[in-house]
Amino acid sequence: MTDRPVRTRYAPSPTGNPHVGNIRSALFSWAFARARDGQFLLRIEDTDRNRYVEGAVEAILESLRWLGIDWDEGPDVGGPKGPYFQSQRLPLYREAAERLIEAGRAYRCFCTPERLDALRASQAAAKQPPGYDRRCRGILPEEAAARAKDEPFVVRFAMVLEGSTVLEDVIRGQVVFENALQDDFVVLKSDGYPTYHLAVVVDDTAMEVSHCIRGDEWISSAPKHIQLYEALGWQQPTWAHLPLILGPDHKKLSKRSGDTALLDYRDRGYLPEAMVNFLAFLGWSLDDHTTILGVEDLKRHFDLSRVVPNPAVFDIERLNFLNGHYIRAMDGERWVQLVAEWADRGLPASVPRPLDERVIRAAAPLLRERVTVLGEVAGLVEFLFTYDAPAYDTALLVERIGDAAVAVRVLDEALVRLDAIPEGEWSTPAVEAALRGLEEPLGMKLRKFIPVLYVAVMGRPTGIPLFDSIGILGRERTLARLRAARARLG
RNA sequence: GGCGCAUUCGUCUAGUGGCCUAGGACACCGCCCUCUCAAGGCGGAGAUCAGGGGUUCGAAUCCCCUAUGCGCUACCA
């Protein structure tokens, strides 16, 4: 079973933006294939025409690309086992269904949706486990074939009724399912499309997938797939059911719980390397101490044997930490570009474009240690791109220092000292020297009075370093802001 | 309801019978550094390993029971 060359796949259905849980499965499948020098393929499971969402396929490709996950075969690049859209592989599924019928392992079912609903309702009312009652399983093959000519039908798999089906899972070990409890599930729908169960078995076989790596929500269906493999006489892949990713509410992450689409994280300013690092450790670990791991190392060292069986809660704090880490670790020029991009994206339309690159370059290093998510960039640099300080509450000027009269003195003294710097000598060191020189006349430490100046200059008591900010801002704008602040205090 | 899975600090995890009076990381708290805020450095608190029975000289690690949580239970994946 494991002697085959490693081939794994990610097989999403195009029903929307892939969420982080799905992508984590893709990441693990991909990393496993890469670590084993195998191949990774992408297959679109578009067998449900009702749930198909326009643009979803592109969103899937984009999600993977963003994280740096590449595939050897897939809908866009093709490959020897194509096509990679299930909707284009219909004959394969029909053929398999035919074989199953002929072998007596599947049968046509003519029960109407109404009857099925009624059946479920009565089972629920009687507190019986729901499931198809196998009414059509007894229909003679010839009769079924005849009725099929003008009656709608589905094809159901005839489950083995006795004994048990055993799943050998590399993450969970052996899981035993009683056959008597299994349902005669549908393999081919009345519209001729296969259900997931049939399609996944047919395609994984045809595409020579060696390891079926998927979310734990599938483990209950595993006996269906295993029996399908047995009935068709095909070799099972190695099974690996990954632990679920839970939301803060400890429920399975889903579109409904919001905040789960992978691309939303990109749009909020998370870095792909942070996301990969974060996702990699949701259910897996390298050893007893590694927490920072690049994608290259993941590709090299990932292994299913170190995947844990228990579900993991998605902890945004940890993602934030990693994002900040990668921001600080990245190449300086890339950081400048990101700052430019996010400032441009986030600054109000009233700020003239293009943005002054010199300002961006000067501010970028100051932002590095203060940004955890790129979306914060614009708010931190806005004051550098406007003439006046951003709007602020006058009370802020006094808040930290505690006394309006003292704040007034600070502003007056600062004004005198800064005004004394000639235009040509305006620089960060000159500003710093001037402001530090205030300690003596004011009779207080720099740290004590500087919050007043922060507010006057940037509209808030915290932000990127003041001396640099004033240096970038220039003489005229700085003095204007200090005077404006002074005027506010009467 | 049935079936299945899971259960180590708040969170992600290390741990496969003695190295564990349970290690790392995030978050939290404190100190240092410091022009604010951060970042960084140092330190702290935080898990009777869900509970109860066994097995064993010895259990977080093996077995059983219970509890709790989650997943599945469609002509959706």
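Throughout, a chain's letter reflects where its sequence line sits, starting with A, and its residues are numbered from 1.
- In this structure, A:Trp284 and A:Phe302 have tilted ring planes: the angle between them lies in the 30° to 60° band.
- For the P atoms, the distance linking B:C19 with B:A60 amounts to 9 Å, nearest Å.
- Using the six-membered ring where Trp is involved, A:Tyr265 and A:Phe314 have ring planes that are tilted, between 30° and 60° apart.
- Nearest nucleotide to the side chain of A:Asn310, out of B:G4, B:U8, B:A14: B:U8.
- Whole-Å rounding puts the A:Trp239 CH2 to B:C5 P distance at 16 Å.
- We find that CD1 of A:Ile245 is positioned 21 Å from P of B:C5, with the value rounded to whole Å.
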Checking A:Tyr196 against A:Asp48 for the side-chain hydrogen bond (donor to acceptor under 3.5 Å, both in side chains) test, could you report, in this order, the C-alpha distance in whole Å, the side-chain angles of both residues, the deciding distance, and whether it holds? CA-CA 9 Å; A:Tyr196 169 82; A:Asp48 185 348; over 6 Å; no
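- Side chain to side chain, A:Glu376 and A:Thr372 meet the donor-acceptor criterion of an N or O pair below 3.5 Å.
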Task: CA sep, side-chain torsions, deciding dist, call: A:Ser25, A:Arg214, side-chain hydrogen bond (donor to acceptor under 3.5 Å, both in side chains) - done: CA-CA 6 Å; A:Ser25 295; A:Arg214 69 211 324 186; over 6 Å; no
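- With a 3.5 Å ceiling on both atom-pair distances, the Watson-Crick or G-U wobble partner of B:C3 is B:G71.
- Using N1 to N3 plus N6-O4 or O6-N4 for Watson-Crick, or N1-O2 and O6-N3 for G-U wobble, each under 3.5 Å, B:C49 pairs with nothing.
- The pair A:Asp303-A:Arg306 fails the salt-bridge criterion, with no side-chain N (NZ, NE, NH1 or NH2) lying under 4.0 Å from an Asp/Glu carboxylate O.
- With RNA chain B read from its 5' end, the first of the two nearest nucleotides for A:Arg172 and A:Pro129 is the one closest to A:Pro129.
- Taking a cutoff of 4.0 Å between a charged side-chain nitrogen and a carboxylate oxygen, A:Asp133 and A:Arg115 qualify as a salt bridge.
- The residue A:Arg49 sits apart from the nucleic acid: no heavy atom pair falls under 4.0 Å.
- Comparing A:Ser305 and A:Ile171, the nucleotide of RNA chain B nearest to each residue sits closer to the 5' end for A:Ile171.
- Nucleotides B:C12 and B:C76, compared at atom C1', are 31 Å apart to the nearest Å.
- Both distances falling under 3.5 Å, in either a Watson-Crick or a G-U wobble arrangement, place B:U11 opposite B:A25.
- Across all strands, A:Gly324 comes closer than 4.0 Å to no nucleic acid atom at all (heavy-atom distances).
- To the nearest whole angstrom, the two C1' atoms, one in B:A74 and one in B:A27, are 42 Å apart.
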Per-nucleotide protein contact along nucleotides 67-77 of chain B, 5' to 3', at a 4.0 Å heavy-atom cut-off (B base, S sugar-phosphate only, - neither), is ---SBSSSBBB
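- At a cut-off of 3.5 Å, with distance as the only test, a side-chain donor of A:Asp203 or A:Tyr93 sits close to an acceptor on the other residue.
- Here B:U34 sits opposite no nucleotide as a Watson-Crick or G-U wobble pair (both hydrogen-bonding atom distances under 3.5 Å).
- Put simply, CD on A:Glu376 is 13 Å from C1' on B:A39, counting in whole angstrom units.
- Residues A:Asn320 and A:Tyr270 have side chains that bring a donor and an acceptor to within less than 3.5 angstrom of each other.
- Taking the P atom of each, B:U73 and B:G30 are spaced 49 Å apart, rounded to whole Å.
- Look at the P atom in both B:U48 and B:U8: the space between them is 11 Å, to the nearest Å.
- The separation between A:Trp335 atom CH2 and B:A39 atom P is 14 Å, rounded to whole Å.
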Using a cut-off of under 3.5 Å, enumerate the N/O to N/O pairs linking the protein to nucleotides 34-38 of chain B.
| residue | atom | partner | partner atom | Å |
| --- | --- | --- | --- | --- |
| B:U34 | N3 | A:Arg447 | NH2 | 3.3 |
| B:C35 | OP1 | A:Arg436 | NH1 | 3.4 |
| B:C35 | OP1 | A:Arg436 | NH2 | 2.3 |
| B:C35 | O2 | A:Tyr454 | OH | 2.8 |
| B:C35 | O2 | A:Leu466 | N | 3.3 |
| B:C35 | N4 | A:Asp468 | OD2 | 3.4 |
| B:U36 | OP1 | A:Arg447 | NH2 | 2.8 |
| B:U36 | O2' | A:Arg400 | NH1 | 3.2 |
| B:U36 | O2' | A:Pro461 | O | 2.9 |
| B:U36 | N1 | A:Tyr454 | OH | 3.1 |
| B:U36 | O2 | A:Gly463 | N | 2.8 |
| B:U36 | O2 | A:Gly463 | O | 3.2 |
| B:U36 | N3 | A:Tyr454 | OH | 3.0 |
| B:U36 | N3 | A:Gly463 | O | 2.6 |
| B:U36 | O4 | A:Arg370 | NH1 | 3.1 |
| B:U36 | O4 | A:Pro465 | N | 3.2 |
| B:C37 | O2 | A:Arg370 | NH1 | 3.1 |
| B:C37 | N3 | A:Arg370 | NH1 | 2.4 |
| B:C37 | N4 | A:Arg370 | NH1 | 3.4 |
| B:A38 | O2' | A:Glu369 | O | 2.3 |

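- With respect to A:Arg436 and A:Glu432, a salt bridge is recorded, a charged nitrogen being found less than 4.0 Å from a carboxylate O.
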Please evaluate residues A:Asn179 and A:Thr165 with respect to the criterion side-chain hydrogen bond (donor to acceptor under 3.5 Å, both in side chains), reporting the C-alpha separation (whole Å), side-chain torsions for both, the decisive distance (0.1 Å), and the verdict. CA-CA 6 Å; A:Asn179 289 339; A:Thr165 299; 2.5 Å; yes
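- Within the shown strands, nothing qualifies as a pairing partner of B:U55 under the Watson-Crick or G-U definition with both distances less than 3.5 Å.
- Taking the P atoms as reference points, B:U13 lies 15 Å from B:A50, given to the whole Å.
- Across B:G44 and B:C3, the matching C1' atoms stand 47 Å from one another, rounded to whole Å.
- Of the P atoms belonging to B:C63 and B:A6, the separation is 12 Å, rounded to the nearest Å.
- Checked by atom type, the side-chain pair A:Asp216/A:His241 shows no donor-acceptor distance below 3.5 Å.
- Remark: B:A39 base-pairs with no nucleotide; criterion is Watson-Crick or G-U wobble with both hydrogen-bond distances under 3.5 Å.
- We find that A:Asp46 and A:Arg51 are not joined by a salt bridge, their nearest charged nitrogen and carboxylate oxygen being 4.0 Å or further apart.
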Identify each atom pair where a protein N or O and an N or O of nucleotides 18-27 of chain B are less than 3.5 Å apart, giving names and distance.
| residue | atom | partner | partner atom | Å |
| --- | --- | --- | --- | --- |
| B:G23 | N2 | A:Asp288 | O | 3.3 |
| B:G24 | O2' | A:His289 | O | 3.4 |
| B:A25 | O2' | A:Arg318 | NH2 | 3.4 |
| B:A25 | N3 | A:Arg318 | NH1 | 2.9 |
| B:A25 | N3 | A:Arg318 | NH2 | 3.4 |
| B:C26 | O4' | A:Arg318 | NH1 | 3.4 |
| B:C26 | O2' | A:Glu317 | O | 3.4 |

